[in-house]
Amino acid sequence: MPVKWLLHWQPNPGATLSSQILTEACACVESVGGARAGRWKTTLTFYRPMARDGASAPESSRDFLGVQLHDHPGKYYSILRAHRILLESDSSIQAVMEKLQSYKARVVLNFEGFQYQLGDFQIRVGKCVPSQSENLRGIMMEVEYLPLSSIEKSRQLMEEFVEIWQETVSKKSLPGHFLHIESNFTDYGLHDYYTSQHTAVQYATCMQQLIAAVRN
Amino acid sequence: MECVVQGIIETQHVEALEILLQGLCGVPKEHLRIHELCLKSGPNLGVVPSEVRLLCDLAQPTPSWTVRHVGGAMRGAGAEQISVLVRTVVESKVSKNVLRFFYALGYKLDHELLKIGFSFNFHRGAPITVTVTSANKMPKLHATEEAVPVTPGIQLVEITAPAAADNYNDVVSAVSSFCEYLAPLLHLSKPGVSTGIVPTASAAAAALLSNSGNKTS
């Protein structure tokens, strides 16, 4: 499948996050010729082990993330970061986990926004909000280059795109910038040919970055 | 949900059962070779102790994995009266690292089996699956090539059909009626209710084999 890079919004130190940044980012995509092509939503769920009454909570190294990608709705990706395990399954695994009553979905985060077509690129700009509230937790984007599936072969082109994109956004004088953090795909046994599993790993990385950005 | 009944048959009568099933279903049999790993939650993990089964289909050119949770049986006066067990079952196809995943979550291997046999999948009032398998145990961990029968000379017959809350009565009827066709060879009942082998099996098997011989000659 086409190679994809995830970028997250890194606010300047002390700057606050606002939905205005999302509006401006969308305006930027449109200003360089992006044509709006619908909405998208990816869901990320934090699972934590449940302990029996009176027992101490099992180790948090067993926390895992569940990712449901907008472009693979029938699939579910479970990521155990501490163990570098990525399990691909049908989305019915969520029902299995519910029946087992050993792990509980603690927080559900929705990544949602607009999708744009820009030549050979597909761009998605979105906000990250918890399912139970409207509190903005972050802003991110997906940059997908449709003609290529090799991560290495597309690297230079993607870097150039990100550079141009960062320049475009900088003209708006917003309090921060978009940043791409490389995920270590080989840790999860993933190769150069891009798959939806790579996207799931990128969401886990992006999530960490968003949490870190909010803490700072 | 699924409706399920089970029974046992002596291996010497399996050929006759296969002929009967072939005639009733009109579809070719499928070979089964399933490595089943039963995992249980470790101490303190979960609100209640839990159990999950990982099934590896070894009959495929590339083995495929499924995780399966079998829930409790439907209860109540109505459920007592029917001869078929209705229970919740949830399954999901998973990648091959599923065992590592569940170990990391805190599950432990309780036991493993290799089920070898065949199945028939067909529609008769409801989509029905009949499996005939011998259960085999491994002398060493995961050594499926060295598996030996748990109950030599006896095989398990299981009939299952997917069901939903609004149609399980119809599915129960479909499964019950199908069981009647197999009655001369084996008795089928709810899992856990042992009914043993049927006395008419030898005679019925002999009749089936001789009829089959006449047809093919």
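Labels below follow one simple rule: chain letters A, B, ... track the order of the sequence lines, proteins then strands, and each chain is numbered from 1.
- Closest heavy-atom contact between B/Ser95 and A/Leu87: OG-CD1, 3.4 Å.
- Shown here for A/Ser92 and B/Val90, the closest heavy-atom pair between the two residues is O-CG1, 3.9 Å.
- Residues A/Ser102 and B/Leu45 approach most closely at O-CD1, 3.7 Å, considering heavy atoms.
- For chain A, the nearby part of B/Thr88 is the side chain; its heavy atoms alone come within less than 4.5 Å.
- Taking all atoms of both residues into account, the shortest heavy-atom contact from B/Val94 to A/Ser89 is CG1-CB, 3.5 Å.
- Listed in order of number, the residues of residues 110-129 of chain A that approach chain B to under 4.5 Å between heavy atoms amount to none.
- For A/Leu100 against B/Ser50, the heavy-atom pair with the smallest separation is O-CB, 3.3 Å.
- A/His83 approaches B/Arg100 most closely through the heavy-atom pair O-NH2, 3.3 Å.
- Put simply, the side chain of A/Asp90 gets close to the backbone of B/Lys93: a donor and an acceptor are under 3.5 Å apart.
- Ranked by heavy-atom pairs under 4.5 Å with chain A, the first of B/Gly71, B/Gly106, B/Ser41 is B/Gly106.
- The environment of B/Gln22 atom CD is dense: over 12 non-hydrogen atoms of other residues, nucleotides or ligands sit within 6.0 angstrom.
- If you measure heavy-atom distances from A/Tyr47 to chain B, you find no contacts under 4.5 Å at all.
- Of the inter-residue distances, the one linking A/Ile85 atom CD1 with B/Tyr103 atom OH reads 12.0 Å to the nearest 0.5 angstrom.
- Atom NZ of A/Lys99 is separated from atom CZ of B/Arg68 by 13.0 Å, given to the nearest 0.5 angstrom.
- Contact annotation for B/Phe102: only side-chain heavy atoms (C-beta onward) come within less than 4.5 Å of a heavy atom of chain A.
- Surrounding CZ of B/Phe122 are more than 12 heavy atoms belonging to other residues, nucleotides or ligands, all under 6.0 Å away.
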